[in-house]
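This report concerns only the one structure given below.
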Amino acid sequence: MTLGGDAPRTAVLAAERISKSFGEVQVLFSVDFDVLPGEVHALVGENGAGKSTLVKILSGFENPTSGRLLLDGQPVTLPANGAAEALGIVLIHQEFNLAENLTVTESLYLGREVTRFGVLDRRFMRAETRRVLDQLGSHIDEDALISSLAVADKQMVEIAKAISRDARVVFMDEPTAVLSREETDILFDQVRKLRDAGTSFVFVSHKLDEVMELTDRVTVLRDGQWIKTAPTSLLDGEAIAQLMVGRELSSLYPTKHEPNVDEEVVMSVAGLSTGYVRDASFELRKGEVLGFSGLIGSGRSELMEAVAGLRPRLAGEVRVKGQVLPPGDFREANRRGLAYMTKDRKGKGLLLGEGMTANLTLQSIERHVRHGYLDPASEANAMARAKRRFDIRVRDEKVRVGRMSGGNQQKLLLAKIMETEPEIIIIDEPTRGIDVGTKQQIYHFIAALAREGRSIIVVSSEMPEVIGLCTRVAVMREGRMVGMLEGEEISEQMIMRYAAGLRRQASA
Amino acid sequence: QEEKTIGVSIPAADHGWTAGVVYHANRVAELLMKEHPGLKVVVKTSPDPATQANALQDLEVQGIDALVILPTDPDPLVNAIKEVKGKGTFVSIVDRAPSVNDSTVRDLYVAGNNPALGEVAGQYIKENTPDAEVVVIRGLPIPIDQQRQDGFDKAIAGSNVKVLDRQFGNWNRDDAFKVMQDYLTKYQKIDVVWCQDDDMAVGVLQAIEQAKRTDIKYVVGGAGSKDMIKKVMDGDKMIPVDVLYPPSMVGTAMELTAAAIYDQVPVHGTYTLDATLVTKDNAQNYYFPDSPF
Amino acid sequence: MSVNGSPEPQVQRHRLWRDVDLRAVAPFAALALLLVIGALVNPNFIGLTNLANVATRSAFIAIIAVGATFVISSGDLDLSVGSMVAFVASLMILFMNSGAIADPSLMLTAAVVLAVVIGGACGLANGLITTVGRIEPFIATLGTMGIYRGLTTWLSQGGAITLSSPDLQTLYRPAYFGSVLGLPVPILVILIVTAIAAFILYRTRYGRHVVAVGSNRDVARYSGIAVDRVRTIAFVIQGLCVAIAVLLYVPRLGSTSATTGILWELQAITAVVVGGTALKGGAGRVWGTICGAFILELVGNIMLLSNFISEYLIGAIQGSIIIIAMLVQRSLTRRS
Amino acid sequence: MSVNGSPEPQVQRHRLWRDVDLRAVAPFAALALLLVIGALVNPNFIGLTNLANVATRSAFIAIIAVGATFVISSGDLDLSVGSMVAFVASLMILFMNSGAIADPSLMLTAAVVLAVVIGGACGLANGLITTVGRIEPFIATLGTMGIYRGLTTWLSQGGAITLSSPDLQTLYRPAYFGSVLGLPVPILVILIVTAIAAFILYRTRYGRHVVAVGSNRDVARYSGIAVDRVRTIAFVIQGLCVAIAVLLYVPRLGSTSATTGILWELQAITAVVVGGTALKGGAGRVWGTICGAFILELVGNIMLLSNFISEYLIGAIQGSIIIIAMLVQRSLTRRS
Ligand SMILES: Nc1ncnc2c1ncn2[C@@H]1O[C@H](COP(=O)(O)OP(=O)(O)OP(=O)(O)O)[C@@H](O)[C@H]1O
Ligand SMILES: Nc1ncnc2c1ncn2[C@@H]1O[C@H](COP(=O)(O)OP(=O)(O)OP(=O)(O)O)[C@@H](O)[C@H]1O
Ligand SMILES: [Mg+2]
Ligand SMILES: [Mg+2]
């Protein structure tokens, strides 16, 4: 298990033959895992492989069904509910673990408030928070309410929260899923600094390039089983992907299919402004995949929500197939064949307390009405179809959606949107938290949709994704559309130049 | 002696007077059961008409030979009472009469006299302070309250007594306290307070004392609680009189009913109790220190 | 890793059975327990007449609570229902007393329609104030509770409003006291109303939307559901249920006053929660609600039939029984 | 990442200012509006005596509502406070009437301690039933509401319990009717209680935890907060506040009855919500609560002082004013 060659160091934290079942469903099968002092250890695997479950067990948030944990070589039972932080074991949850009504400072110190003579030392905590945020290069206001933060900023708060504790082991469950490249770089710098000072990290991610870049060792899980642990330097992305999926992967991106120049314009946006977004205009052709790139908080989601009618707009016009779309009427947009898939799957996408079927058909329930009442058989059919089409993997059919793995939730959300059979689909962060294998499926799926003559807007912070999928890419910066790239122009460098404000197009 | 059951349905003890009713009902129930060894008296209390209608049904299920009922609100209960009466049960209604109050509804009616309670108070005020400016605190918006108001208005009609204001105090001390505080703010001169209930008088007196106002000559309550009767007895200036509306009337009705089913005495028709004016002279007769009211 | 395949599916069935069914079954278990206790307390209790009586009189709260199930499932709350009963009943009786229509049956029909329309309108008002006005439903309906109650007091001038025409009274009486095939009309009405409500909640698009809106408003909005409309309609359904309760209430007592329906809102909400619907919204359990209403009424009935409890303590014992019933329910459910 | 530093923070600060302050200020704006209306209705209204009267008599609800702010912030609800007032007051008076201690001041001190202990114990009972029993707070406290009220009725045999010793009465009276430096004692108590509560809620670790628990229980649990303990303590604080209200209530009339404190729970909750605290938990505004309690009392006061409102319609108008006050508040807040 430990690597040959290296001088044997005792692991800070190790798991021996850990198994875990939720009721009757077993999700981990006798897994071994260890974290050495001062290393960054990657944990990878497909959606639902059990990564989150494993890190939760290692940080005391779940109890293993069998097997034992060793801390500094000694068997331990970790205290529950995050109390393991006292032992220096910190977890950044895959799902946000922040209370909306608290401020950033309050969240950072929740459960370990600093007091002087019983009174909260608010000034100290605020200053410390500021310091940590600055260290992370984040401009979030330390007094802002969590509820007012964008998804990426919430992630930054989670990260700040974790690194502000004197941790020995930090588990990071997909911390970069919603971060931009720049933010990721800053995070990695911090991680390296702390690692060199002796802190250990466990890094769960689906972004294999980041795994290659940052980590020292890689552990691969597949279907709840340990597959391999090896030094990162001995592997490459291809190899890891193959270990994860257990088969050879063909090329990640499908061939692009460029629509004809004279293809019908299905949607046009002119002069659209909201509070933050100003004067955005673009056109979308039939069968086209249009990308929207830009830094986090550049206003892409806000623009798309305004287009779809989920947000009020101050000015501008949206036309679908030549007809003006009334502002602020999302339902009308749906009726005209425009669908929007949110990036916030937990808060806005799925009913976490309900089962999969109720979620799947929520937006398209009228398709299952027979003679005025709902037909459960028809819904069940739709569910079966969606599971096949989107490869949704659950081990318990009746599982509440809140308990599904992140990636499978994402697939379910996509399936839910597709149930409405839209003509124009705006997908915000299509592959957030999705493993490579599934990513490939989703990309091919998007390409297939385009070939069918549907039009797709892909909003993504992952540049390769935009580049690999889209025939045109719009770049946004600080609420404005600053560039529209086509053909050969579409490259990471060009996109970055626009996104960072080094370049802008006169026309846009 | 013969096995008989009398069902007694009365309002729940939700303020002083009804508490008195409950007290007297239980007191007389024990007396009667001692007197007639075969007799069972079942006392049930209900907070509102709908519940009381249920209670009647439940009594009926247990099997009763006679029913004594003091309705929370008479009209809504007529149908339910008729239902019982239809089974051949002897029915006595106490205090609150339905608008149709004849032998189709009941056999015996023991009347407390609500209009008279207002009338006696009005009469006293008219005679003792002919030019009084009066503020009135009403109870809850239900018919008995209205009857008392009507009686009062009838008594002072044509006199110089002037009603400045009427507001609801919900037969509750705290609410009466508030209403009185506001009256004192609103009117620079008040001669008499008529609050038609001794519970509310408690709050009224405190509000006057707090404001240190001396213009108020006296307060007329009603019902005959032991605290107020005591004040009358002791010659308290603020409470010179009380108007009797004795909760013990339920006991009277129970005794009459027992007589009717055992002794075959032909007790039928209406027995009206007076709304006696309690003064320093006769207060001694109406003082029950053991009663909760 | 090396888990034998066989025991697993069994366990699963076992767990599912517990998870899903026990929660729905729990109120009925509490009901059964009460029936046993009742039978021990008084032999008359278990008689058909008594049980029919209890079921019949639970009709008002049960029907109102069915409406409340919708409001609560969609994440709101309606405190005005008790006053609304008084208000609708007053207007209905006043209309019948007005003699606007000579023919009794025609008059009765018109009055029924009027009551339903007013009930719906009151519900609509609650819904609009809550959704368009964006006021917490607790406060909005506390406000309208005062308004409906105040208007009733004013209409009745502090007294009672009584149905004056004996013709109408005779004609209308069977609506409460009658029975169809041995089944008292109110019980029949409860069953019909509940069946319709269950159908709407479980088998229609609207029902799905109610649950979605109640469990997460943002998700509902992002799924293209007209959240405010769904909430408003839930309030209207509540108003209609109140109207139906009034249609049964008026023939029973033939009169209303400003004190009619006081605290019924608390009873209705209690019935809903005892029936297994969570106050924070989400899934609603209509049949459980009916069971809850029946439990509440039974507790009162047992108390009345038992002759050894001081009448002063009835409230205390009623309170304890509700808590115990919930504990029983929880302990049944928690085991899963 | 290379965002120009200058324009941004401004926008942000601007937004924050709007967001935070207006919401907190709104109840005070509504209060000011009411004062203006009151002054127009009756010139006596704005007099010092009247305003002092109103403030003084709002003391009970205000103090109870301060406790309710904790319970509501932590995501719970306590419906039992009205009955609890009656229960604690009854026991306190009964104790003083028992004559167990001869010396009046000593007796009074002992009675005060007793009241506080009983209040805390009642709160603890509510808390434990809710958290350990895992019963919805609405139902749990509806149950204890029945229990406390029933016990009071039983203690008082349905009647009143009156402080019998005139010595004690004289000694105790200033606790409600007295004043310190011209400030009536109850107003002073309101201010002290609120200041302490604000300190606890905003400046201590416990206060933070209350907000976190009310905002998201799972997050709180994952942050190592003892959720059940935080919730239970909130109920205990509520109980202590009730006890303090009782300490002011008893000297006022020197007596209690089974009807004491009926519906005070609704008033307390209304005060909390009118004061700007959301019923779904997660943020408490103690000063707003006080303002809310004052608004409620003022509405009644203005109504009584005005000459043109039928006494039958007071309830209706009170309801409307609450709704209007909330609308004003919303429209102020929404603009941000
Ligand atoms: N509380 C729970 N109850 C039941 N099943 C659960 C629970 N938590 C997780 N699971 C199941 O365990 C399996 C593993 O989930 P886990 O979240 O560990 O996957 P993951 O590897 O983190 O996937 P992803 O990459 O999608 O985040 C999934 O099938 C999931 O549905
Ligand atoms: N400088 C700023 N001033 C004010 N608001 C800002 C600023 N920067 C970002 N925002 C806020 O951020 C939001 C824009 O984020 P949005 O989610 O639309 O961006 P995005 O490009 O989609 O990023 P993400 O990757 O997080 O989805 C807007 O709601 C806006 O109010
Ligand atoms: Mg995961
Ligand atoms: Mg976005």
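Here is how names work: the chains are called A, B, and so on, in the same order as the sequence lines, proteins then strands, and each is numbered from 1.
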Compare all side-chain heavy atoms of [X] with those of [Y] and state whether any distance is below 4.5 angstrom.
X         : Y         : answer
Lys161(A) : Ser223(D) : yes
Leu91(A)  : Tyr222(D) : no
Thr115(A) : Thr204(D) : no

Which atom pair, heavy atoms only, marks the closest approach of Ile225(D) to Gly111(A)?
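Residues Ile225(D) and Gly111(A), closest heavy atoms: CG1-CA, 4.1 Å.
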Nearest 0.5 Å, what's the CZ-CG distance between Arg205(D) and Leu110(A)?
11.0 Å
Contact part of Tyr206(D) toward chain A, heavy-atom cut-off under 4.5 Å: side chain, backbone, both or neither?
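Looking at Tyr206(D), nothing touches chain A.
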Top residue by heavy-atom pair count (under 4.5 Å) with chain D, among Glu106(A), Arg112(A), Glu100(A)?
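Counting heavy-atom pairs under 4.5 Å, the top option is Glu106(A).
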Between Arg203(D) and Leu120(A), is there a donor-acceptor pair closer than 3.5 Å when you use the side chain of the first and the backbone of the second?
no
Output the option from Ala283(D), Gly282(D), Gly214(D), Ala278(D) having the highest count of non-hydrogen pairs under 4.5 Å with chain A.
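Among the listed options, the one with the most contacts to chain A is Gly282(D).
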By a 4.5 Å heavy-atom criterion (distance strictly below it), what part of Leu98(A) contacts chain D: side chain, backbone, both, or neither?
backbone
